[in-house]
Amino acid sequence: MKILVCISQVPDTTAKIAFSDNNTTFNTQGVTFIINPYDEWYALVRALELKESGPATAVHLVTVGKADAEPVIRKALALGGDEAIRIDADSNDPYSIAANIADYAKAHNYDLVLCGKESIDYNNGSVGAMVAELLDMNFLGFASKIDVAGTTVTVKREIDGGEETDACELPLVISCQKGVAEARIPNMRGIMAARTKPLTVVAGAAVAAVSSITGYEMPPAKSGVKMISADNMDELVKLLHSEAKVI
Amino acid sequence: MIVVLVEHSQGVFKKKSLEAVLYAAHIAKEMGTDITAVAMGNVPDSEMQTLGAYGAQKVLHTTDARLDNFNSKAYAKVVVAAAQKENAKVIIGLHDTTGKAVMPRVAARLQAGLVAGAVGYPDLSKGFTVKKNVFSGKAFAFVNVTSDTKVISLMPNTFPVVKGEGSATVEQMEAGLSDADFSVKVLEVSKASGSVPLSEAELVVSGGRGLKGPENWYVLEALAQELGAATACSRPVADAHWRPHGEHVGQTGGTIRPNLYIAVGISGAIQHLAGVNGSKTIVVINKDPEAPFFKAADYGVLGDAMEIVPKLTEAVKKFKAGQN
Ligand SMILES: Cc1cc2nc3c(=O)[nH]c(=O)nc-3n(C[C@H](O)[C@H](O)[C@H](O)COP(=O)(O)OP(=O)(O)OC[C@H]3O[C@@H](n4cnc5c(N)ncnc54)[C@H](O)[C@@H]3O)c2cc1C
């Protein structure tokens, strides 16, 4: 079983979010980029576990991005994985990102494609399902547990208002969240090994973006907190009812 | 035409789907067109009229019993069939666990641009530009969809849900589903019964490490019960197994946008705020006046959670009694 893990680079969770060029461009100045936590902690680590325990024969990492994404994919290789592919394209249109990944995956016959449930920058959470559609595969979203026996994958996942356990034959696309695996910290050996692991750059597929971000806006600042005495919870309830109108 | 995917629970349409129909109705009016809702599985015809009251002119109903279990491949196929039948220019679903799996498939199939998690109506004066959350609620982006067909998944609990008047015609639709569309075998389904799922809850009571241990959660549960609220928690609380993983909210957990979020003993780290700052009203109870959460709050109470929360519960009880 060959696994392809989709990796995206995102601003560090504590990064200051600011925009330039009249609020049309995300200002990356001083921003540290990290591997999207869902991709790293859950999708990648579970892929590595599946290789360590047997079912997987190869774990490849793929990212769609420009050369500035390479440090992050090297970081991912430090955790493990045999090789990485960077598809040379610059887009924040989920469809063109998915089409690029699907194109590559189709040409290289992966049995299992794993991704995080969403990336913490654009919060679309759509690439995995799009890849599945483009490859005509099943998609199981929001997995919290993934087991593989032979060609059958058992997945526990979140559904609307509950949980479901499914069995599905490979090939398959799964999006991962909490529960799938425990985050790992790369060790020195991994970091050294990552430097020499193959990182192949392939040209982006000829797909036109069908959406683009034309501007950004910061949420309105809170007008300031109203402090209420701990001895006056009746007042708080009154405010929640008559001022905030939420109860 | 606008096509909108609606979800139901045991034959009753979900409130968030009625919100999606209203959202579609607003857009349809602006575009001078009509709405067709797409319903799947076992829903009585009488319930279909609910969709009419929220603005749908027509319902396409695919009754295939295999659709009673959620399956993104089959659901997407039905939505695409409806969109093609109706020659839809805009296709709307929800940004929930169902919609997040179905709408991207629909978009990919039709090579259509997707706005995932819309929080505003499309601005037609600027092409087709829709506001959505980005950076886990720290900012908004305006996404312009340039394809001929547009797909939107609407963030639930964005717009008020007010019933109007109207009726819908109901038509059965054959979507050409085959066994290959149902190759996922469902082994077990467990639906949270009774309580409101966190992602849909309008009121949420949430606890952090400041509660000291799972044995103290009863104070939050009592408050939640009195309010009819769902419970949530910070990440360290879920990590320590004080509370189930499903309750973890924040940048790496669930994103919620209830009307009221009561944060008890939570410091308000940026990663936590990312998941909850879309809440309409935030109440923070914390014993540290310097806790960053106060800066993001509408109302704050300074002091020990174990003393304040029971008092608040009592006050809610009193208020409710006074209302009746
Ligand atoms: C990559 C990354 C992702 C993360 N994702 C998330 C996420 O999704 N969600 C999340 O929540 N965190 C997340 N975190 C962790 C986050 O940074 C914080 O560590 C965490 O939110 C703190 O949880 P807490 O507020 O419960 O605990 P603490 O920070 O320990 O705060 C406890 C609070 O309780 C107060 N308190 C103590 N005793 C009492 C009392 N008796 N009465 C009232 N108040 C009291 C204290 O004053 C303090 O403010 C993430 C971190 C990283 C690095």
Side-chain angles (χ1 to χ4, degrees), chain A residues 11 13-14 17 37-38 93-95 98 120-126 129-130 132-134 138-142 144 154 158-169 178-179 209-219 222 225-228 230 233-234 236-237 239-241 244 246-247, chain B residues 7 70 72-73 76 96-98 100-101 104-105 107-109 111-114 116-117 129 133-136 138-147 183-192 197 245 251-252 259-260 270-271 280-281 294 296-301 303 308 311-312 315-316 319:
Chain A
T13 54
T14 56
I17 304 300
Y38 294 109
D93 169 46
Y95 174 72
I120 63 169
D121 50 2
Y122 294 103
N123 307 113
N124 290 316
S126 34
M130 284 185 173
E133 184 68 22
L134 294 168
N138 281 309
F139 170 73
L140 297 175
F142 304 96
S144 58
T154 312
E158 187 186 326
I159 54 167
D160 206 56
E163 266 186 344
E164 185 174 295
T165 306
D166 301 317
C168 189
E169 289 299 301
K178 199 163 183 133
V210 282
S211 73
S212 66
I213 293 178
T214 53
Y216 295 94
E217 187 180 283
M218 296 304 281
K222 287 265 178 193
V225 56
K226 200 177 262 185
M227 295 303 292
I228 289 138
M233 286 303 97
D234 291 334
L236 177 58
V237 171
L239 288 169
L240 291 176
H241 177 67
V246 288
I247 59 173
Chain B
E7 301 171 33
F70 171 58
S72 68
K73 204 175 179 189
D96 62 357
T97 41
T98 300
K100 285 179 196 173
R105 293 196 82 126
R109 174 63 51 192
Q111 296 189 15
L114 167 70
T129 301
N133 284 324
V134 286
F135 300 107
S136 307
K138 288 177 214 163
F140 299 109
F142 295 91
V143 178
N144 186 31
V145 181
T146 46
S147 51
S183 55
V184 174
K185 208 156 84 207
V186 179
L187 303 179
E188 199 189 315
V189 183
S190 63
K191 294 240 173 176
H245 279 325
Q251 190 143 29
T252 50
N259 294 337
L260 174 63
I270 191 160
Q271 297 92 353
K280 294 195 177 76
T281 299
F294 282 124
D298 299 285
Y299 303 102
V301 187
I308 294 169
K311 281 188 196 162
L312 178 54
V316 172
F319 166 77

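Throughout, protein chains are lettered first and strands after them, A, B, ... in sequence-line order, and every chain is numbered starting at 1.
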What part of [X] gets within 4.5 angstrom of chain B, counting heavy atoms only: side chain, backbone, both, or neither?
X	answer
S144(A)	neither
P219(A)	both
L140(A)	side chain
F139(A)	both
L236(A)	side chain
Y122(A)	both

Checklist entry - How long is the gap from NZ on K100(B) to CZ on F142(A), to the nearest 0.5 Å? => result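 Between atom NZ of K100(B) and atom CZ of F142(A) there are 4.5 Å.
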
Checklist entry - If you measure from CZ on R109(B) to CD on E133(A), what distance do you get to the nearest 0.5 Å? => result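 It is 4.0 Å, given to the nearest 0.5 Å.
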
Among [options], which residue forms the greatest number of heavy-atom pairs with chain B at distances under 4.5 Å?
options	value
A230(A), C168(A), G141(A)	A230(A)
V237(A), L240(A), T13(A), D234(A)	T13(A)
L134(A), T214(A), I247(A), T154(A)	T214(A)
E158(A), M130(A), E169(A), E217(A)	E217(A)
A98(A), S212(A), A244(A)	S212(A)

Among [options], which has the most heavy-atom pairs under 4.5 Å with chain A?
options	result
V143(B), T252(B), V189(B), I308(B)	T252(B)
R105(B), E188(B), K185(B)	R105(B)
V145(B), D298(B), L260(B)	D298(B)
A107(B), G117(B), A76(B), S183(B)	S183(B)

Item to check | Sequence-distant partners of K138(B), side chain to side chain contact (heavy atoms under 4.5 Å, CB included), two or more places apart | outcome: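 Per chain and number, K138(B) pairs via side chain to side chain contact (heavy atoms under 4.5 Å, CB included) with I17(A), F135(B), Q251(B), I270(B), A274(B).
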
Considering all heavy atoms, the nearest [X]-[Y] contact:
X	Y	answer
I213(A)	A141(B)	CG2-CB, 4.0 Å
A129(A)	P104(B)	CB-CB, 3.8 Å
D166(A)	E164(A)	OD1-OE2, 2.7 Å

Portion of [X] that has a non-hydrogen atom of chain A nearer than 4.5 angstrom:
X	answer
S136(B)	both
A296(B)	backbone
E7(B)	side chain
N133(B)	backbone

Does any donor atom in the side chain of [X] or [Y] lie under 3.5 Å from an acceptor atom in the other side chain?
X	Y	result
D93(A)	S211(A)	yes
N138(A)	K73(B)	no
T281(B)	N259(B)	no

Next on the checklist: Closer than 3.5 angstrom, by distance alone: can the side chain of D96(B) be matched with the main-chain N or O of T98(B) as a donor-acceptor pair?
Outcome noted: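 It does hold such a pair.
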
Item to check | Any donor-acceptor N/O pair, T97(B) side chain to D160(A) backbone, under 3.5 Å | outcome: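 It does hold such a pair.
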
Next on the checklist: A side-chain contact here means heavy atoms from C-beta on lying under 4.5 Å apart; do V134(B) and Y216(A) qualify?
Outcome noted: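 Counting from C-beta outward, V134(B) and Y216(A) do come under 4.5 Å.
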
